[in-house]
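Below: one structure, written as structure tokens.
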Amino acid sequence: MDLIDAFLDAQWLERGASEHTLAAYRRDLTAWCRVLNDAEESLRAPPPERLVAWFEARSAEGYQLRSNARLLSTLRSFYRWARLTGQVASDPLAGIRLPPVRPGLPNVLDEDEVERLMAAPDTGAPLGLRDRTMLELLYACGLRVSELVGLSVDAVNLRQGVVRVRGKGDKDRLVPLGAEAAHWLERYIDAARPALMQDVTRPALFPGRGDKSMTRQTFWHRIKAHALRAGIATPLSPHTLRHAFATHLLNHGANLRVVQLLLGHSDLSTTQIYTHVAQARLEQLHAEHHPRG
């Protein structure tokens, strides 16, 4: 386990890996250690056939190819680091390949559904105004929920119309607010935030209990409640409005590279999934409305 701890420390120090990523790495590597311990084999020099057998067993137990691909990615990162740092003589996984995994298409709200979701909170009450503002900001800026709830007051510049977002790896990016989001944010800061906080000098832009930042889980429950009130049947995820942000931008002609920068993706291939979503939507519209669809 000392070797795993050293790897996790390196990912945090050198790559700025988040706590969520580090926890996932630890789960995967701990599971791999259990397999090797049961076979009385070493983490430093596992036989490649052991991993193949493990993947076959996982598949028989119902694990999907995507899950195995993620697991293999963790092990590759670990053994690449171990080889570069002299912990192992060679990469035991160098010859192992899995079938390619096609990225799944995320569920995306259409523009009418987004409008209905935005209108669901009761903005006459401080909590409703807070929720409306958070939904507007989530959709207008394409934020991850963790980025939204982690915003501080000084991250917002209403005069310039931008918000400074701290994303994965503690990397900052500036994202334009848009007029509608800026309008609701100004209303919220003036009217609702002071009513929701005991100490308005605390930094959290969107407070939960004790004037601390709201948790991701709390906001996710709020989203589901508002979607139910709005009569939205589309399955939701915490990233639903982020997916809608990207897809609607591309549908209206935005450049893929611009969307990548706004989302904070380090790799353009991550953003390209939204071109598939947009294409799927075009095919659906064609089938529904074209005389020969």
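Hydrogens, waters and symmetry mates play no part in the numbers below; they use all other heavy atoms, side chains included. Quick caveat: nothing in here was measured; it's all calculated off a predicted structure.
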Worksheet item: Mind checking what makes side chain to side chain contact (heavy atoms under 4.5 Å, CB included) contact with Ala204, not counting sequence neighbours?
Response: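 Checked Ala204 against side chain to side chain contact (heavy atoms under 4.5 Å, CB included); matches are Ser213.
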Using modelled atom types and a 3.5 Å cut-off, is there a donor and acceptor pairing between side-chain atoms of [X] and backbone atoms of [Y]?
X      : Y      : value
Asp211 : Asp199 : yes
His226 : Arg132 : no
Asp122 : Gly128 : no
Tyr188 : Met134 : no
Glu113 : Asp110 : yes

Less than 4.5 Å apart, any side-chain heavy atom of [X] and any of [Y]?
X      : Y      : value
Val149 : Phe206 : no
Arg70  : Asp28  : yes
Arg164 : Asn157 : no
Leu8   : Phe78  : no
Ile4   : Leu43  : yes

Worksheet item: In terms of hydrophobic clustering (I, L, V, M, F, W, Y; side-chain heavy atoms under 4.5 Å; direct or indirect links), are Trp220 and Leu205 co-clustered?
Response: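 Linked, Trp220 and Leu205 end up in one cluster.
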Worksheet item: Honestly curious: do Trp184 and Met197 fall in one hydrophobic cluster under the side-chain, below-4.5 Å linking rule?
Response: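 No, separate clusters.
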Worksheet item: Trp54 ring centre to Arg58 NZ or CZ under 6.0 Å, with the angle to the axis within 45°?
Response: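 Yes - Arg58 lies over the ring of Trp54, closer than 6.0 Å to its centre and within 45° of its axis.
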Fill in: Those residues that, when tested against Asp190, pass side chain to side chain donor-acceptor pair (under 3.5 Å) (two or more places apart)
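For Asp190, no residue satisfies side chain to side chain donor-acceptor pair (under 3.5 Å) once neighbours in sequence are set aside.
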Worksheet item: Of Leu51, Leu71, Thr74, which meets side chain to side chain contact (heavy atoms under 4.5 Å, CB included) against Trp32?
Response: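 The option that passes is Leu51.
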Worksheet item: Going through the checks in order, is the salt bridge (charged side-chain N to carboxylate O under 4.0 Å, His left out) test met by Asp5 and Arg26?
Response: CA-CA 8 Å; Asp5 288 336; Arg26 184 179 292 280; 3.0 Å; yes
Worksheet item: Is the shortest side-chain N to carboxylate O distance from Asp112 to Arg116 below 4.0 Å?
Response: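 Yes, this pair counts.
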Practice prompt. Determine, stepwise, if the pair Glu147 / Arg173 fulfils salt bridge (charged side-chain N to carboxylate O under 4.0 Å, His left out).
Written response: CA-CA 11 Å; Glu147 294 170 344; Arg173 67 185 188 277; 2.9 Å; yes
Worksheet item: Distance from Leu143 atom CG to Leu137 atom CG, nearest 0.5 Å?
Response: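 It is 5.5 Å, given to the nearest 0.5 Å.
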